[in-house]
Protein chains: 2
Amino acid sequence: MEEPRKRARPGRTPAPTGRTSRPRQAEVARLAGVSQATVSLVLGARKQGATISEETRRKVLDAVRSLGYVPDPAASRLAAARNNLLGVFSFTSTFPTDVQHSYYPFLVGVEQEAAARGYDLVLFTGSSTGGAGAAGPHALNRVRLADGCLFLGRHAPADELLRLVADGFPVVHLGRRDELEGLAWVGADYVSASKEVVTHLAGLGHRRIVLVREDDEAAASTDREHGFLKGLEEAGLPGGPAAVFRSADPEHDLTAERLRGWLDDGVTAFVAEETDTGDAWRALHGAAHFVGIDCPNDASLALLGSPPPDLSDGPTPTGFDIPRPQLGAAAVRMLAALVAGEQATEPLVACGFRPGTTAGTPPARL
Amino acid sequence: MEEPRKRARPGRTPAPTGRTSRPRQAEVARLAGVSQATVSLVLGARKQGATISEETRRKVLDAVRSLGYVPDPAASRLAAARNNLLGVFSFTSTFPTDVQHSYYPFLVGVEQEAAARGYDLVLFTGSSTGGAGAAGPHALNRVRLADGCLFLGRHAPADELLRLVADGFPVVHLGRRDELEGLAWVGADYVSASKEVVTHLAGLGHRRIVLVREDDEAAASTDREHGFLKGLEEAGLPGGPAAVFRSADPEHDLTAERLRGWLDDGVTAFVAEETDTGDAWRALHGAAHFVGIDCPNDASLALLGSPPPDLSDGPTPTGFDIPRPQLGAAAVRMLAALVAGEQATEPLVACGFRPGTTAGTPPARL
DNA sequence: CCGGATCGTTAATGCGTATTAGTAATGCGC
DNA sequence: GCGCATTACTAATACGCATTAACGATCCGG
């Protein structure tokens, strides 16, 4: 019987024995007189299964302290088959020089929630070639190094995004995105929030309310209009096209005449949507000021969102706040669920009602 | 001869085959019809030794693209290789709710420079138990997953920081930190910048200049004083204790009388340091206003840094700007050098001189 | 006093990648 | 046609830790 000749042992050369490297579990085990597995069990504080005697535990912990052992996170993560890393991808720089367009408020929540769940964050910037070297058309692939990835802004190419989803890679988009089949997202509940503002106005006694919105098909705009109309309907107030003023250039189209016309028609409250530019609110605000309206005594104003920075020092508008940190946190929650193989969580986050000072009871009828 | 009975095979249960996991090198190898080792060689772009035919290389790269393969960072690290990840550790949250204390300006530069060098960033937040489960006293240890780590703020425990350094892990601290032997850091060159401000004032004709500083031993304060005195010396102006007004509570101690006294003594220019609170500048500003000084006609003022937010709408103070984004970029450059096994780069970053409008020629002598 | 249950520990294995010794195939000179 | 060098690739490790089947010891009830 011929024994197959044992091949020599290839592989890496053993580390130079001279160097004092940091201690391993094996050395802790040797010092404590137990096996490496026992050390791992003691340190792991695992859920169940293994039981360790108090004496052994003490010996191991003593050895750990005396050697100054610290676990190697790379090995832990490899063995545990999870990196505990969540990606955050933004096509433009995550930290733009122009702070105006920054994702900062979202990141506040993202970081908190991720930390609370034991995840670290990996930042990917779309514009750069980045880490793994996978540049060009497959730049999105880099994110696969994480356990899942959050996408900020709508600049990530749809096909690549869907490819990730199709491959079963956990992905969550921050901001409503239901045009992409299968893509999980979280977004603010503009419908409910807008409805709540109308309900509030109706509760103050307003019977004719007009919405000023820009000419835009974005979900953020149409959602607000839906909520607005829904609020009118539930309050039994007149809806229909007359209740919505839609203009591509509200600052120009929302004239003093038009405003006076509405007032003469019995309109007592006006609602503007929030947009990037804040034009709707600015136009409404400007026209009201020009006509000499004493707000909220002559008429009430409300804003479906936050005022633009240049108007932020005026009176606080009645309306709602977009809960950006909460949106970030919700996105992380959903992503964590997907990573764990669970169902996506609730995508809509409620906006907080902001009482403000621009809405009051309607003026007494003449 | 009794063959020792072969033990059954313990170990982990194989992963549930159903889940589509991220592709491994083994799968790439299978698809390309080569061995896993070949895949590693192709992707590694190693120094020398192995030669790979162009055809094989192409097959492997095709398979990589088609599967969307990305190397596992933990496995790379464990196998003693790079993973192109740089850590960013802040003991407090990286994105605090209070934007005032944020590291944002630094991160702008950090992100840019890291992207330019092909690194992705991993955010480690110290306050949480975080990633690998290394809680409590070993929270810092998580950063070993990356190739190196940047530390923000001075809250990271010194012993753990030094432990990382001692173990040869590349670490850079953002902010001067020479009290910790062996720790690499980058910081702003307050000495040169402060000197430059004095030189500017001297060039305008000022012969007696006073520095107002808080009672603080921080490097940021003492550096400014050094630079200030150095500037006086080089300009041949009187230095010494009389040129520096030091107070724990400048707003209270910097009285109108004191200011008038200085003016009577021929002092024509005043310099304040920047601190967290901005108290020195606020006190100087306030006293000058109270005394009725017409700045810069009656006297010149300068600020060694940026004004506090509440005074940011006043006239732009003559002084210098702390180049936070550049500091972040410089820190990344140094970290990249350390990761590559090179010497640390220059730790000091120059501050930009800010002309401002609060300094002019001294008033004509009576 | 024997079969079974419980407890404490260990041997063996896997996680995914990098490295290196070895090998088969080919080219080269004489 | 025979060594020897070169090329192209693969097998077999190692990295450090987590997991789990198996095993010895002790305890227990009948």
Side-chain angles (χ1 to χ4, degrees), chain A residues 4-15 21-30 32-57 59-60 64 69-83 132 144-145, chain B residues 4-15 21-29 32-57 59-60 64 69-83 132-134 141 144-145:
Chain A
R5 188 165 72 81
K6 224 167 198 161
R7 289 182 63 144
R9 321 269 181 86
R12 61 172 48 217
T13 38
S21 71
R22 47 201 201 95
R24 310 295 163 196
Q25 282 191 354
E27 293 156 57
V28 174
R30 210 173 304 138
V34 299
S35 74
Q36 175 266 322
T38 303
V39 176
S40 176
L41 288 176
V42 170
L43 295 181
R46 278 304 119 222
K47 35 209 81 169
Q48 32 105 323
T51 52
I52 300 286
S53 72
E54 209 37 60
E55 154 130 22
T56 300
R57 177 184 307 280
K59 279 194 301 183
V60 168
V64 163
Y69 167 81
V70 290
D72 180 337
S76 304
R77 290 165 128 126
L78 180 58
R82 48 200 312 247
N83 281 322
R144 299 176 110 113
L145 133 187
Chain B
R5 188 165 72 82
K6 224 169 200 159
R7 289 181 63 143
R9 321 269 181 86
R12 61 170 45 220
T13 39
S21 76
R22 306 162 26 209
R24 307 298 168 199
Q25 282 190 356
E27 292 158 56
V28 174
V34 298
S35 73
Q36 174 267 323
T38 302
V39 175
S40 176
L41 288 176
V42 170
L43 295 181
R46 278 304 121 224
K47 34 211 86 170
Q48 30 105 328
T51 52
I52 300 286
S53 73
E54 209 38 59
E55 154 130 25
T56 301
R57 177 186 307 280
K59 278 193 301 185
V60 168
V64 162
Y69 167 82
V70 167
D72 181 322
S76 299
R77 284 295 286 173
L78 184 59
R82 306 275 169 72
N83 56 18
N141 204 48
R144 289 182 196 265
L145 178 66

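Protein chains get the first letters and strands the later ones, always in sequence-line order, with residue 1 at the start of each.
B:V39 comes within contact range of no nucleotide atom at all, as no heavy-atom separation falls under 4.0 Å.
Look at CG on A:D72: it is 13 Å from C1' on D:dA18, rounded to the nearest Å. Taking atom CZ on B:R22 and atom C1' on C:dC15, their separation rounds to 11 Å, with Å as the unit. With rounding to whole Å, B:L41 atom CG is found 13 Å from D:dT7 atom C1'. Whole-Å rounding puts the A:E27 CD to D:dG16 P distance at 9 Å. In this entry the distance linking OH of B:Y69 with C1' of C:dA18 reads 11 Å, nearest Å. Rounded to a whole Å, the CZ atom of B:R24 is 7 Å from the C1' atom of C:dG16. Following rounding to the nearest Å, A:Q36 (CD) and D:dG16 (C1') show an atom-to-atom distance of 8 Å. A:R82 has its CZ atom 17 Å from the P atom of C:dC15, to the nearest Å.
Over its length, the helix from C:dC1-D:dG30 to C:dC30-D:dG1 turns its helix axis by 50°, as judged from the five terminal pairs at each end, rounded to 10°.
Taking every side-chain heavy atom of A:A37 into account, C:dA11 is the closest of C:dA11, D:dC17, C:dT17.
Scored by the side chain to side chain contact (heavy atoms under 4.5 Å, CB included) test, B:P23 finds B:E27, B:L67, B:Y69 as partners (sequence neighbours excluded). Among residues two or more places apart in sequence or in another chain, the side chain to side chain donor-acceptor pair (under 3.5 Å) test is passed with B:R77 by B:D147. Not counting sequence neighbours, the partners of A:A75 by the side chain to side chain contact (heavy atoms under 4.5 Å, CB included) test are A:D72, B:L78. Residues passing the side chain to side chain contact (heavy atoms under 4.5 Å, CB included) test with A:E54, sequence neighbours excluded: A:R57.
Atoms OG and CG, from A:S35 and A:L41 in turn, are 7.5 Å apart once rounded to the nearest 0.5 Å. For the atom pair B:Q25 CD and B:Q36 CD, the distance stands at 5.0 Å (nearest 0.5 Å).
Contact annotation: A:S35 does not reach the phosphate of C:dT9 (side-chain N/O to OP1 or OP2, under 4.0 Å).
Here the closest non-hydrogen pair linking A:N83 and A:L145 is ND2-O, 3.4 Å. When all heavy atoms of A:R144 and B:R22 are compared, the pair lying nearest together is O-NE, 3.0 Å.
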Polar-atom pairs under 3.5 Å, protein N or O versus N or O of nucleotides 6-8 of chain C: list them with distances, or write none.
from  : atom 1 : to    : atom 2 : distance (Å)
C:dG8 : OP2    : A:T51 : OG1    : 2.9

